[in-house]
Amino acid sequence: GMVRDIAVDPRGEGRVYAGARSGIFVSHNGGEDWTGIATGEYKDIDWHTISVSPHQPDQLLAGITCRRNAVLSENGGKTWKEVISLVGNYAFSSFEFAPSDPQVVYASTAGYISCGQMEYPYPGKGIYVSGDGGRTWKAANNDTTQDAAVFQLSVHPQDANIVFAATANHSLLKTTDGGQTWEPVAENIFKGKNVTGVRISPVNPNLVFAGSFHAGLLRSEDGGVTWKSAAAGLNPEATVVDVVFDPADPQVIYLADLHSGVYRSTNGGTRWQAVNKGLDVRAIHALALTSD
């Protein structure tokens, strides 16, 4: 089945989680063997997203599209419990733990017509925030974001109140107060664009990457105020849906293009090269790097 999300245990023990159409799976040996962990009450299909806490790696958040809910495990996926559900044709599209605060987690939503997949032009329910590690949630929206359909969130590495949101219907947004207010980022560049991904560098918070549908990649070196193209070496119509930074070398960055696979930069994201040897299916939804 389709794998929609992937997350790595930060302890570097070879544990990898995959969120897929057919369930949630874990590997304990770097992806060689997989075991289903959507069991019991949650033996269900159409899981959309999975995230591992960088602070407490047995703490997992996942979203089941057709159930319109988020579920939390505090024991590495042995058991799950529902922590929030949505009413209507909405589901959770991503979870982002704040790197600087183990209690703060953000969740994004999107809408659908059929719960088998998110229909991103369809409105969502914006963004939610938890202050207790994902156990309880409240809306983190203003008038702009309450119907936002969100592809991806990125939380500032040192300030849990600063978040970027890549949305399908409100372009690129940013909050500096934990989601009480959201402002459009660089409207002259992003207005009207279907923004598919955004990532802040974990070592240099002024460095931000953003991708839009069929529009390559943009890079900001001043926290999102000004932007320039960073698409050298990419498919010119790339739809960038994920960017990940090598923890051992911040100049090494990987990205996922929904249409043409995986690319790597060795110079901080100014030039890219395809790294697709052996990759038969090149519609990439998500990337994750192990700590080593």
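This chain uses plain numbering: 1 for the first residue, then up along the sequence.
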Does any N or O in the side chain of [X] come within less than 3.5 Å of the main-chain N or O of [Y], such that one atom is a donor and the other an acceptor?
X	Y	result
Ser130	Thr136	yes
Asp257	Ala238	no
Gln152	Val198	yes
Asn142	Trp182	yes
Thr167	Ser171	yes
Asn276	Val262	yes
Thr196	Gly211	yes

Heavy-atom distance under 4.5 Å between the side chains of [X] and [Y], does that happen here?
X	Y	result
Tyr263	Asn235	yes
Gln103	His55	no
Arg219	Leu207	yes
Phe245	Val203	no
Glu237	His214	yes
Glu41	Lys81	no
Leu72	Gln59	yes
Glu183	Thr144	no

Could you tell me whether the side chains of [X] and [Y] share a donor-acceptor contact shorter than 3.5 Å?
X	Y	answer
His28	Asp33	no
Asn204	Ser201	no
Asp5	Thr49	yes

**Fill in**
In Val243, Thr266, Leu289, the residue satisfying side-chain contact (heavy atoms from CB on, under 4.5 Å) with Ile253 is Val243
Residue pair [X] / [Y]: nearest heavy atoms and the distance that separates them:
X	Y	value
Gly261	Leu279	CA-CD2, 4.5 Å
Val185	Trp227	CG1-NE1, 3.7 Å
Leu61	Trp137	CD1-CZ2, 3.8 Å
Phe97	Pro54	CB-CD, 3.5 Å
Ala232	Thr270	CB-O, 3.6 Å

Report the distance from atom [atom1] of [X] to atom [atom2] of [Y], rounding to the nearest 0.5 Å.
X	Y	atom1	atom2	result
Phe92	Thr109	CZ	OG1	7.0 Å
Thr175	Ile127	OG1	CD1	8.5 Å
Ile200	Asn206	CD1	CG	10.0 Å
Asp147	Lys125	CG	NZ	8.5 Å
Ile50	Phe25	CD1	CZ	12.0 Å
Arg4	Ser94	CZ	OG	14.5 Å

**Request:** Anything under 30° is parallel, anything over 60° is perpendicular, the rest tilted; go ahead and classify His259 against Phe213.
**Result:** perpendicular
Test of understanding: clusters of I, L, V, M, F, W, Y form through side-chain heavy atoms closer than 4.5 Å, transitively. Do [X] and [Y] belong to the same one?
X	Y	result
Ile162	Val195	no
Leu172	Leu153	no
Phe209	Tyr254	no

**Presence of salt bridge, Arg68 and Glu82, under 4.0 angstrom** = no
